[in-house]
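Just so it is clear, the values below take in all heavy atoms, side chains as well, and ignore hydrogens, waters and symmetry mates. Reminder, nothing fancy here: chain letters follow the sequence lines and each chain counts from 1.
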There are 2 protein chains.
Amino acid sequence: MTRILLVDDQSLVRVGFRTILETEPGFEVVGEAADGRDAVTKAKELRPDVICMDVQMPVLDGLAATREICEGDSGASVLMLTTFDRDDFLFEALRAGASGFLLKTAEPEHLIDAIHALARGDALLAPAVTRRVIERFATPDGTTTLPEAAELDTLTERERETLMLLARGHSNGEIAERLYVGEATVKTHVSNVLMKLGIRDRIHAVIWAYEHGVVQAGTGSVPTVE
Amino acid sequence: MTRILLVDDQSLVRVGFRTILETEPGFEVVGEAADGRDAVTKAKELRPDVICMDVQMPVLDGLAATREICEGDSGASVLMLTTFDRDDFLFEALRAGASGFLLKTAEPEHLIDAIHALARGDALLAPAVTRRVIERFATPDGTTTLPEAAELDTLTERERETLMLLARGHSNGEIAERLYVGEATVKTHVSNVLMKLGIRDRIHAVIWAYEHGVVQAGTGSVPTVE
DNA sequence: AGGCGCCTCAGTCGTGCGGGGGAGTGTGGA
DNA sequence: TCCACACTCCCCCGCACGACTGAGGCGCCT
């Protein structure tokens, strides 16, 4: 008998899951929780084999709850469910200790199969996210030669300089001083960089720079206000 | 109908698999190959949905064959099978593009479930290897010990959560959604973080996070404008 | 000669951000 | 009981940022 704990802040969703799961012999929904804090408590009490966990919830979200549950010795496998197919959810969920990751758009029999898999101790990922996980494995560190971002080549010399300084936390005015040009010029460069990299603001440019090795941790100055 | 290609240098093993798989309705073993080179050729010819691939084989081993197949546009999912539970096999297989990894000691119904999963596009890992995959995610490299900035301790739980999300490039509004609080609350948290860390704006907070290991390159999502 | 890409700047405009204040809740310790 | 602290939320305000449009100068190529 596979003991299941349902965790979702929407009772409608819980009812839906319960209905689907109870059609399957060998499944027993032993409890429900409406938020992460409740989930952690119930996981200890009820000792389920599999926990179907929503990502977005009040009080304590699904990621934090999964972290707590997996740090304990409950022995439960967590199947993370989400409405949105977002990378950050996925990777955080896996890091938190989840064994599965499905979208709520999944078919009922798909969900049932996933729970069977997790009950056995398997890990199971939704089709849409599989590729990204594999890709993440493909380049775990620099030794396998990073892609070295093709987008970087599309930037002009001046735009690269601007990106470097921008990634170090300099404002447009500061960059202008460094490059001995007007602030309006810097703004043009910054706009071009954002457009070429396909990102929305300078903050994402900073992140992009770190993620693509344009700047590395420990090689620059640590920002303080002094 | 799920079309399956069996690849193993031992004919006895192939016969065994074929017998097991043919008991399952919806499965059709469309071909067999005895080495990696043969597998690549047959994968192109027969266009299977799932390829059951042995790791150790003459001529071209399962890892190399998987790499070639996945680089092409065959659309086939590769289920890697091995007698030995070795880390290097596992990670190499995933890097090569395999979608599943099972031990040959797996139960027949386990194998059947795995093929169902792969046919849908899922990824499936054996219980024994699941833990190691998750762990690999948890620590992207060996140097688990980081600076661990003392200032981080002065932050409250909520402020740390805010910093994490902020460092991933989320706006105040987005953070508010994630934490289920108002934007005003997030602004308070952000202001507190900036004050406690002694930095001037959220951009420097992103940099601070990368420099102090609060977030690491390669462990989050790369920003794009969707 | 003309075209093109890069660099340089100006101006306007809307918005997100961050500082400054204040205020209410609940919890836990002195 | 009272106080400290974390968390929640509200207001106002100034400003840096980024989008948009337009413009001139420079070197290079056909």
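Along DNA chain D, the nucleotide nearest to B:D201 and the one nearest to B:A184 differ in position, and the one closer to the 5' end is contacted by B:A184. Comparing B:H189 and A:S191 against DNA chain D, the residue whose closest nucleotide sits nearer the 5' end is B:H189.
We find that CZ of B:R158 is positioned 14 Å from C1' of C:dG26, with the value rounded to whole Å. If you measure from atom CD of B:E157 to atom C1' of C:dG28, you get 17 Å, rounded to the nearest angstrom. Here the P atom of nucleotide D:dC12 and the NZ atom of B:K187 are 12 Å apart, to the nearest Å. To the nearest angstrom, P of D:dC17 lies 10 Å from CD1 of A:I203. Rounded to whole Å, atom P of D:dC15 lies 17 Å from atom CD of A:E174. Following rounding to the nearest Å, B:N172 (CG) and C:dG19 (C1') show an atom-to-atom distance of 13 Å. One can place CZ of A:R202 at 14 Å from C1' of D:dA19, the figure rounded to the nearest angstrom. Here C:dT8 presents its P atom at 14 Å from OH of A:Y180, a figure rounded to the nearest Å.
Here B:H204 and B:W208 keep their ring centres 6.0 angstrom or further from each other.
Base contact: B:T188 has a heavy atom under 4.0 Å from a base atom. Using a 4.0 Å heavy-atom cutoff across all strands shown, A:E159 reaches no nucleic acid atom at all. Counting non-hydrogen atoms under 4.0 angstrom, A:T156 reaches the backbone sugars and phosphates but no base.
At a threshold of 4.0 Å, the pair B:E157-B:R160 counts as salt-bridged, since one of the basic side-chain nitrogens sits closer than that to a carboxylate oxygen. The pair B:E174-B:R168 does not count as a salt bridge, with every side-chain nitrogen at least 4.0 angstrom from each carboxylate oxygen.
With A:R202 contributing its side chain and A:L166 its backbone, the two residues share no donor-acceptor pair below 3.5 Å.
With the end axes of the helix from C:dA1-D:dT30 to C:dA30-D:dT1 each set by five pairs, the angle from one to the other reads 30° at 10° resolution.
In this structure, A:R200 does not reach the D:dG18 phosphate: none of its side-chain N or O atoms is under 4.0 Å from OP1 or OP2.
A:L81 has its side chain within reach of A:L111: a pair of non-hydrogen atoms, C-beta onward, lies under 4.5 Å apart.
For the residue pair A:E24 / A:H116, a side-chain donor-acceptor distance below 3.5 Å is found, with atom types taken as modelled.
One finds the CD atom of B:E183 at 7.0 Å from the OG atom of B:S171 (value rounded to the nearest 0.5 Å).
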